[in-house]
Amino acid sequence: MMPSAAHADSAQSRKARGAFFTPPELCDYVVDWAVRDRHDIVLEPSCGEAAFLLTAGARLRTLNDGGHYGPGQLCGLELHEQSARAARLRLASLDLGAQIEIGDFFAANPAPRFDAVVGNPPYVRYQDFSGDARARGRAAALRAGVSLTGLASSWAAFTVHAALFLKPGGRLGLVLPAELLSVNYAAGVRRYLMERFARVRLVLFSERVFPGVMEEVVLLLAEGNGPTAHCELHQLAGLAGLKTVDRAGRRWTPVPPEGKWTASLMSSAAWEAYSEVASSPAFSTLHDWGETTLGMVTGNNRYFALSPARVAELQLSATDTIPLSPPGSRHLRGLTFGAPAWKALGKMGKSTMLFRPASDPSPAALEYIEDGEAANVHGAYKCRVRSPWWRVPLVRPPDVFLTYMNADTPRLCANRAHCHHLNSVHGLYLHPGMRRLGADLLPPAALNSMTLLGAETVGRAYGGGLLKLEPREADRLPVPSRESLLAASQVLSALRPHVAKALQSGRLLDAVRLVDDALLVGRLGIPQAQVEALRQAHANMSARRTARGADPRVPD
């Protein structure tokens with residue numbers, strides 16, 4: 001007996017091409033929204049085994065009072081021949097007529113002849129979305145004027161290309177990764193959707209709705225001829241909530257349209273509070289305080305970052321090394337990193353020195369360089385492209401360190417040790433005239449619910465639930481303004497030891513509450529209700545992010 005298509009097509013094969021079968025509740029909801037007239041012509045691109053076509057066929061039959069719909073009203077396209085055969089068999093078994101073609105969706109001519117395009121695009125990450133497939137996808141998106149970077153996953157090009165198949169006023173209903181809301185490479189997609197459609201509805205879920213799959217999803221329901229300035233948001237716990245979505249959603253205006261839509265995850269009260277505080281004189285952005293830059297890239301930290309004991313063992317001279325904040329950021333979770341802490345780390349065997357001869361290497365340094373060449377350290381890319389290979393490009397010590405891979409939230413830590421830093425942390429270089437105030441008071445002042453929520457909004461969630469903040473994202477981080485810190489300097493100075501004590505014992509949220517009460521409410525006069533809304537929104541978004549990392553089903 002021949003195995004069924006579903007069994008012959010292995011889970012590993014489906015994952016490789018980004019095929020994940022869609023829960024019927026999602027198919028039913030999207031199709032019921034998109035297919036409205038008995039004459040509608042419907043396309044499911046990358047149809048797999050026709051989950052949406054089956055629902056669309058039943059929907060068209062209902063709209064035809066149980067009769068048959070016309071030939072050519074139901075169309076599908078599928079690259080995987082085995083899945084296309086299975087789709088035809090499933091449709092035929094229910095007496096549902098459909099045209100299923102085998103081919104690459106990105107190679108298909110986007111003739112605007114469909115009333116509705118529905119489906120669940122293949123989710124292939126950028127690492128695997130490569131070669132000819134990537135080139136075709138980028139070319140397809142470019143037809144609509146959307147230029148995608150090399151980091152874009154397959155769904156981004158798919159979304160744009162799918163919209164080109166719609167008649168004027170048509171409807172696009174897709175199940176997309178929640179990456180749509182947050183990743184930088186989707187900026188062009190977000191702008192395109194706002195310009196192309198008159199109504200953009202987003203249905204968000206706090207629970208994962210694909211069994212066994214870590215990826216969060218969002219339903220994109222877009223229709224009409226744009227542009228529009230706002231989205232309509234519906235936030236649900238899980239699939240059962242789809243029965244209530246037809247009630248009015250919350251209007252939300254992304255500014256700018258291509259900016260991250262992560263803020264859409266906030267409640268109405270939190271978004272109003274966040275918007276009001278962000279636009280007030282009490283807050284500015286981190287970029288108003290200074291420039292955030294990447295740290296030094298060695299090409300081989302094990303070779304270049306040395307402990308004091310190792311420096312002594314190699315008999316390197318004082319001119320062969322410079323002081324370094326050790327790789328990582330665990331030691332930068334307080335308010336200040338000073339010389340005593342730096343020396344203590346060195347005594348513990350941490351790499352607090354960077355091998356970087358200032359001019360002519362000492363005899364001991366020359367010997368160490370020879371050892372590096374014998375171990376082919378100079379063959380690493382970053383070493384190979386610089387001359388001499390052993391001189392790491394120097395980045396001066398920053399005024400403040402900014403952690404950028406965080407389990408909880410990004411931290412600002414004053415660099416009182418005047419150490420250099422590697423690219424495991426960022427450096428903040430404060431503007432002249434703001435250095436003393438910023439180094440003293442910005443680290444504790446930034447531990448407030450507004451800034452923590454802002455970090456969840458402008459940053460990016462990574463595998464394991466980590467929150468990553470790149471320099472351009474850090475520039476947009478909302479922090480108290482210079483005027484606020486000047487006005488609150490005495491309050492913050494008095495509060496500083498209490499905040500430091502809470503951080504030292506790992507009680508971040510206790511430290512945040514201290515700053516909220518003393519600075520946001522007590523000094524800046526932000527209403528307690530707004531602060532509570534910000535605090536709750538941060539708790540919800542942080543829990544949402546970390547829950548993904550805690551799921552034992554999440555693959556490496």
Near-ring test Trp389/Tyr303, centroid separation under 6.0 angstrom: yes
Side chain of Arg190, backbone of Leu180: donor and acceptor closer than 3.5 Å? yes
So, Tyr404 versus Glu473: side-chain donor-acceptor pair below 3.5 Å or not? no
How are the rings of Phe106 and His161 set relative to one another: parallel (under 30°), tilted (30 to 60°) or perpendicular (over 60°)? tilted
Could you check whether any side-chain N or O of Arg435 sits under 3.5 Å from a backbone N or O of Leu430, counting only pairs where one atom can act as donor and the other as acceptor? yes
Counterpart residues, ring-ring contact (aromatic ring centres under 6.0 Å, His included), relative to His287 (two or more places apart): none
His538: which residues meet the ring-ring contact (aromatic ring centres under 6.0 Å, His included) condition with it, sequence neighbours left out? none
Give a yes or no on whether Lys468 atom NZ has more than 12 heavy-atom contacts from other residues, nucleotides or ligands under 6.0 Å away. yes
Under 3.5 Å, is there a donor-acceptor pair between the side chain of Lys382 and the main chain of Asn300? no
Verify whether one side chain among Ser317 and Asp320 offers a donor that lies under 3.5 Å from an acceptor in the other. yes
Do any N or O atoms from the side chain of Arg545 and from the backbone of Asp408 form a donor-acceptor pair under 3.5 angstrom? yes
Answer yes or no: is there an ion pair linking Glu456 with Arg544, defined by an N-O contact shorter than 4.0 Å? no
Indicate the ring-plane relationship of Trp252 and Trp261, choosing parallel, tilted or perpendicular according to the 30° and 60° boundaries. perpendicular
CE of Met353 to CG of Leu316, rounded to nearest 0.5 Å, is 9.0 Å
Do side-chain atoms of Thr403 reach the backbone of Pro410 as a donor and acceptor pair under 3.5 angstrom? no
With a 3.5 Å cut-off and no angle check, do the side chains of Arg496 and Thr336 form a donor-acceptor pair? yes
Any donor and acceptor pair, going by atom type alone, linking the side chain of Thr298 with main-chain N or O of Asn301 inside 3.5 Å? yes
Without hydrogens or angle criteria, can the side chains of Asn109 and Arg143 be said to hold a donor-acceptor pair below 3.5 Å? no
Assess whether atom CD of Gln504 is packed by more than 12 heavy atoms of other residues, nucleotides or ligands within 6.0 Å. no
Sub-3.5 Å donor-acceptor pair from the side chain of Ser83 to the main-chain atoms of Gly48, do we have one? no
When you measure from the side chain of Ser325 to the backbone of Cys419, do you find a donor-acceptor pair of N or O atoms at a distance under 3.5 Å? no
